Amino acid sequence: MRTLAITQNITLDGSIEILADWFSPPTEVEDADEDLLAETRAQSGQSDTMLLGRRTFEDFRSYWPLQRDDPTGVAEYLDDVDKYVVSSTLRDPGWQNTTILRGDPVEQIRTLKAGPGLDIVATGSITLCHSLIEAGLVDEYRLFVYPVVQGRGRRLFPDGYTTAGLRLLDARRFRGGVALTRYEAP
């Protein structure tokens, strides 16, 4: 069974909704901490499938395919990775290696997890992540914690959701102040 990991950029107060200027994707190696970029590349090397909600997909599609000569490698990875978009309204994805999931995404993602391949990663896509969490499909949380308190915004876990027994797999900090915490779901 493949690992389904939710990878999120998150504020210290738990918001994953970007309502201020606390996160922007690096487009130059100089803009990124080299150690943070190395971690991002390592995680990308372990993943061949990305899950996205329609709004996050459209945000990605309007930005990443337009990046030329991207020294970070993010644009190339996003072009090449198999992307699955949960949407009942999107008709033409307009981006290579994209499949639109219609109907019950939980069952379709369960089938993806049971098939062959590397890690499946969900990022952004708050509504989709809430559905994955509530369905018990998440194996791992990879949280890039930014040293920012936003004071508002949607959170990773659905309101009222509780769980115990998350197991810390890794915790480390990067030169720019971002910390990565990885947890295995029970």
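Since the model is a prediction, treat every value here as computed from it, not as a measurement.
In terms of hydrophobic clustering, with Ile, Leu, Val, Met, Phe, Trp and Tyr side chains grouped at heavy-atom distances under 4.5 Å, I10 and Y183 are assigned to a common cluster. Hydrophobic clustering of Ile, Leu, Val, Met, Phe, Trp and Tyr side chains at less than 4.5 Å, counting indirect connections, unites I126 with I120. Hydrophobic clustering (ILVMFWY, side-chain heavy atoms < 4.5 Å, transitive): L168 and L12 are in one cluster. Both L132 and V106 sit in one connected hydrophobic cluster of ILVMFWY residues. Membership requires side-chain heavy atoms under 4.5 Å apart, directly or through other members. Cluster annotation: V85 is connected to M50 through the hydrophobic network of ILVMFWY side chains, with a link wherever side-chain heavy atoms come within less than 4.5 Å.
A salt bridge links R172 with D170: at least one charged nitrogen is closer than 4.0 Å to a carboxylate oxygen. Remark: D13 does not engage R152 in a salt bridge, criterion side-chain N to carboxylate O under 4.0 Å. Classification of R142 and D119 as a salt-bridged pair holds, one side-chain N sitting under 4.0 Å from a carboxylate O. A salt bridge links E107 to R110: one of the charged nitrogens lies within less than 4.0 Å of a carboxylate oxygen. The existence of a salt bridge linking R154 and E17 is excluded, since no basic side-chain nitrogen approaches an acidic carboxylate oxygen closer than 4.0 Å.
V86 places none of its side-chain heavy atoms less than 4.5 Å from the side chain of Q108. Contact of the L36 side chain with the R175 side chain is not registered, since no non-hydrogen atoms from C-beta on lie closer than 4.5 Å. R61 places none of its side-chain heavy atoms less than 4.5 Å from the side chain of K83.
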Give the intermediate values and the outcome of side-chain contact (heavy atoms from CB on, under 4.5 Å) for residues L156 and I133.
CA-CA 9 Å; L156 174 58; I133 291 166; 4.2 Å; yes
Can R54 and T89 be said to form a side-chain contact (heavy atoms from CB on, under 4.5 Å), step by step?
CA-CA 8 Å; R54 181 192 50 81; T89 59; 3.3 Å; yes
Give the intermediate values and the outcome of side-chain contact (heavy atoms from CB on, under 4.5 Å) for residues D59 and Y63.
CA-CA 7 Å; D59 287 346; Y63 180 79; over 6 Å; no
Step by step, work out the side-chain contact (heavy atoms from CB on, under 4.5 Å) result for Q43 and L180.
CA-CA 12 Å; Q43 286 189 25; L180 168 64; 4.0 Å; yes
Output, in order, the C-alpha distance, side-chain angles, deciding distance and verdict of side chain to side chain donor-acceptor pair (under 3.5 Å) for T181 and Y141.
CA-CA 8 Å; T181 56; Y141 298 95; over 6 Å; no
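Expressed to the nearest 0.5 Å, how far OG of S87 lies from CD of E58 amounts to 7.0 Å. Remark: S44 OG to E76 CD distance equals 10.5 Å, nearest 0.5 Å. Taking CG of L112 as the start and CG of L4 as the end, the distance is 9.0 Å to the nearest 0.5 Å. One finds the CZ atom of F174 at 5.5 Å from the CZ atom of F144 (value rounded to the nearest 0.5 Å). Atoms CG and OG1, on L118 and T3 in that order, are 10.0 Å from each other to the nearest 0.5 Å.
With hydrogens and angles disregarded, no donor-acceptor distance shorter than 3.5 Å links the side chain of D82 to the backbone of T49. A distance-only check finds no donor-acceptor pair linking the side chain of T111 to the backbone of I109 [under 3.5 Å]. Between the side chain of Q96 and the main chain of D79, a donor-acceptor pair closer than 3.5 Å is present. A donor-acceptor distance shorter than 3.5 angstrom exists from the side chain of K113 to the backbone of L137, with no hydrogens or angles considered. Checking side-chain atoms of T11 against main-chain N and O of S15 turns up a donor-acceptor pair under 3.5 Å. Proximity of a side-chain donor or acceptor of D48 to a complementary backbone N or O of V81 within less than 3.5 Å is not detected. Remark: the backbone N or O of L90 is paired with a side-chain donor or acceptor of R102 at under 3.5 angstrom. The main-chain N or O of L52 is never found under 3.5 Å from a side-chain atom of T56 such that the two would form a donor-acceptor pair. Within the 3.5 Å criterion, the main-chain N or O of L169 finds no donor-acceptor partner in the side chain of R182. Checking side-chain atoms of Q150 against main-chain N and O of L19 turns up a donor-acceptor pair under 3.5 Å.
The distance between the ring centers of F57 and Y84 does not fall below 6.0 angstrom. The distance between the ring centers of W95 and F60 does not fall below 6.0 angstrom.
Of all non-hydrogen atoms in D70 and Q67, the two that sit nearest each other are CB-CB, 4.5 Å. Shown here for G124 and Q8, the closest heavy-atom pair between the two residues is O-NE2, 2.9 Å. Nearest heavy atom pair, residue L51 against residue S125, reads O-OG, 4.3 Å. Contact record, P186 with L166: CD-CD2, 3.7 Å, taken as the closest heavy-atom pair. Closest heavy-atom contact between T123 and T7: OG1-O, 2.8 Å. Considering every non-hydrogen atom in both R41 and P71, the closest pair reads NH2-O, 2.9 Å.
By the neighbour-count criterion of 12 heavy atoms within 6.0 Å, atom CZ of R155 is densely surrounded, having more than that number from other residues, nucleotides or ligands.
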